[in-house]
Amino acid sequence: MLTNRRSFLKSAGLLAAAAAVLDPASLFAQKEGKKSGSKVMKLSFMPYDAQMRHVFTISNSSRTSTPIVLTEITYDGVTGYGEAAMPPYLGETQASVIEFLKKVDLSRFSSPFLIEDIMAYVDGITTNNTAAKAAVDIALHDLVGKLIGQPWWKIWGFDPSTCPNTSYTVGLDTEEVVKEKTREASPYKVIKVKLGRDEATDKMMINTIRSVTDTVICVDANQGWKDKHYALDMINWLNERNVNMIEQPMPKLLLDETAWVTERSPLPVIADEACQRLSDIQKLKGAYSGINIKLMKCTGLREAREMVSLAQALNMKLMIGCMTETSCAISAAAQLAPKMEWADLDGNLLIANDCFKGMQIVDGKITLEDLPGIGVEKRK
Ligand code: MG
């Protein structure tokens, strides 16, 4: 029907004029044979509990599930999916996310293509609530990508062949469990280890993993090392054991001490807790070698894309990370993977009840498909 209409318009010399009138949303709906729906954006949301496959332990907490809120934005018969994931230490809850989302009125915008205006409005509703804002941003990007019919990595002009391997996290645990988890990690090319308790435990973790495999290790100390000399000693010890980077070795407020460590460190030092949003990056230049971008910290893809540009302009290295998330938010983050030196996108692999199918890891590497939006579909 579209072809007939096109050839008729072309023969009538009206195609250019018609293209100016037709918006891409209605074109997509016709191509897909879908009925056009309402031209008012509708945001809906529901709480979801992600069950962990293993008890998950970092330097200061343990948990068996992670609260999530799933979002959908529907426009013209097309639905975009989004998600907020709330590990307890970040201060957001399902209740706070739902309370925030109730305040979001997308009907004031005429089109989902106004991502800049929409996200500036969403960001301005409150000061914090970054995961709740990301849940809107991800659904909006998924929707717009679907309306255009293209994935975001392609809209941004990224080369999917440059995606890095993802790391697979092995949490703090007993020697036997660490060995078991290390064997489980064998399909992955990089193991991420959570350190930051005491010297004996940290060295036990690395020695135990090294008794099973030589696979390269990324270390995340989650602010656990309080003294700069101790942090540097640990980094030098790790450097001799095929470790390739250190994430957040010291508390985020100890910027001068971290700069002292980074200056002397043989390994790149990456900011995670110290780098939440775009506005944090400038002050981290010099103190850290690079930043770990996470959608739940930075309000989503719109700001994450800007963080990539700013970090590149400041000659800082880039990493993409995640919380415990379903394949929805993981696949959204993966759209940025071609620009990353390191990726830690294993949050979906750590949960037992992933309700989305999305980005796949092949031979340890992130792969991006030619699927519109963030490239996900709901599992039946
Ligand atoms: Mg981290």
Side-chain angles (χ1 to χ4, degrees), residues 50 52 54 56-63 66 85-92 130-131 134 164-173 181 185 188 190-197 201-202 205-206 209 216-226 231 234-235 238 243-255 258 261-262 265 267-277 280-281 284 287-298 304 307-308 311 316-325 329-330 333-334 336-337 340-351 366:
M52 312 297 292
H54 296 285
F56 191 71
T57 304
I58 59 172
S59 66
N60 53 7
S61 67
S62 294
R63 65 182 193 273
T66 297
M86 288 81 67
Y89 52 89
L90 288 182
E92 287 185 85
T130 55
N165 292 316
T166 185
S167 52
Y168 183 85
T169 299
V170 174
L172 283 167
D173 220 312
K181 285 182 180 174
Y188 300 92
V190 184
I191 290 174
K192 179 166 175 174
V193 186
K194 300 284 203 174
L195 301 184
R197 280 197 177 169
T201 310
D202 285 359
M205 284 292 295
I206 299 297
I209 292 168
V216 67
I217 296 175
C218 287
V219 166
D220 187 352
N222 285 116
Q223 313 186 79
W225 300 333
K226 313 297 182 195
M234 278 302 294
I235 292 171
L238 291 165
V243 170
N244 73 351
M245 61 95 98
I246 308 290
E247 199 180 319
Q248 203 65 54
M250 301 192 70
K252 62 179 180 180
L253 296 177
L254 299 184
L255 207 56
T258 303
V261 171
T262 300
S265 170
L267 297 173
V269 176
I270 306 301
D272 182 9
E273 287 86 342
C275 182
Q276 307 286 319
R277 300 200 56 176
D280 294 325
I281 299 175
L284 301 176
Y288 292 87
S289 323
I291 58 166
N292 182 352
I293 298 173
K294 292 178 180 169
L295 300 185
M296 297 303 143
K297 295 190 298 188
C298 76
M307 292 173 80
V308 169
M316 294 176 79
K317 295 174 183 293
L318 283 163
M319 172 177 183
I320 186 94
C322 63
M323 308 300 176
T324 304
E325 298 164 358
I330 293 291
L336 293 158
M340 301 294 155
E341 191 157 335
W342 302 280
D344 181 29
L345 295 181
D346 65 347
N348 55 338
L349 307 172
L350 304 178
I351 64 176
I366 290 169

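Order of appearance sets the numbers: ligands from 1, and atoms from 1 within every ligand. Only this structure's heavy atoms are used, side chains among them; waters, hydrogens and symmetry mates stay out.
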Query raised in the report: Roughly how far apart are Met316 CE and Ile270 CD1, rounded to 0.5 Å?
Result: 8.0 Å
Query raised in the report: At what distance, to the nearest 0.5 angstrom, does CG of Leu349 lie from OG1 of Thr166?
Result: 7.5 Å
Using the side chain to side chain contact (heavy atoms under 4.5 Å, CB included) criterion, which residues pair with [X]? Sequence neighbours excluded.
X	result
Ala329	Glu83, Ile138, Met296, Glu325
Pro251	Gln223, Lys226, Leu254
Ala274	Gln248, Lys252, Ala271, Leu284, Tyr288

Query raised in the report: Charged N to carboxylate O under 4.0 angstrom, Asp344 versus Lys294?
Result: no
Query raised in the report: How many protein N, O or S atoms are found at a distance of less than 2.8 Å from the Mg ion (ligand 1)?
Result: 3
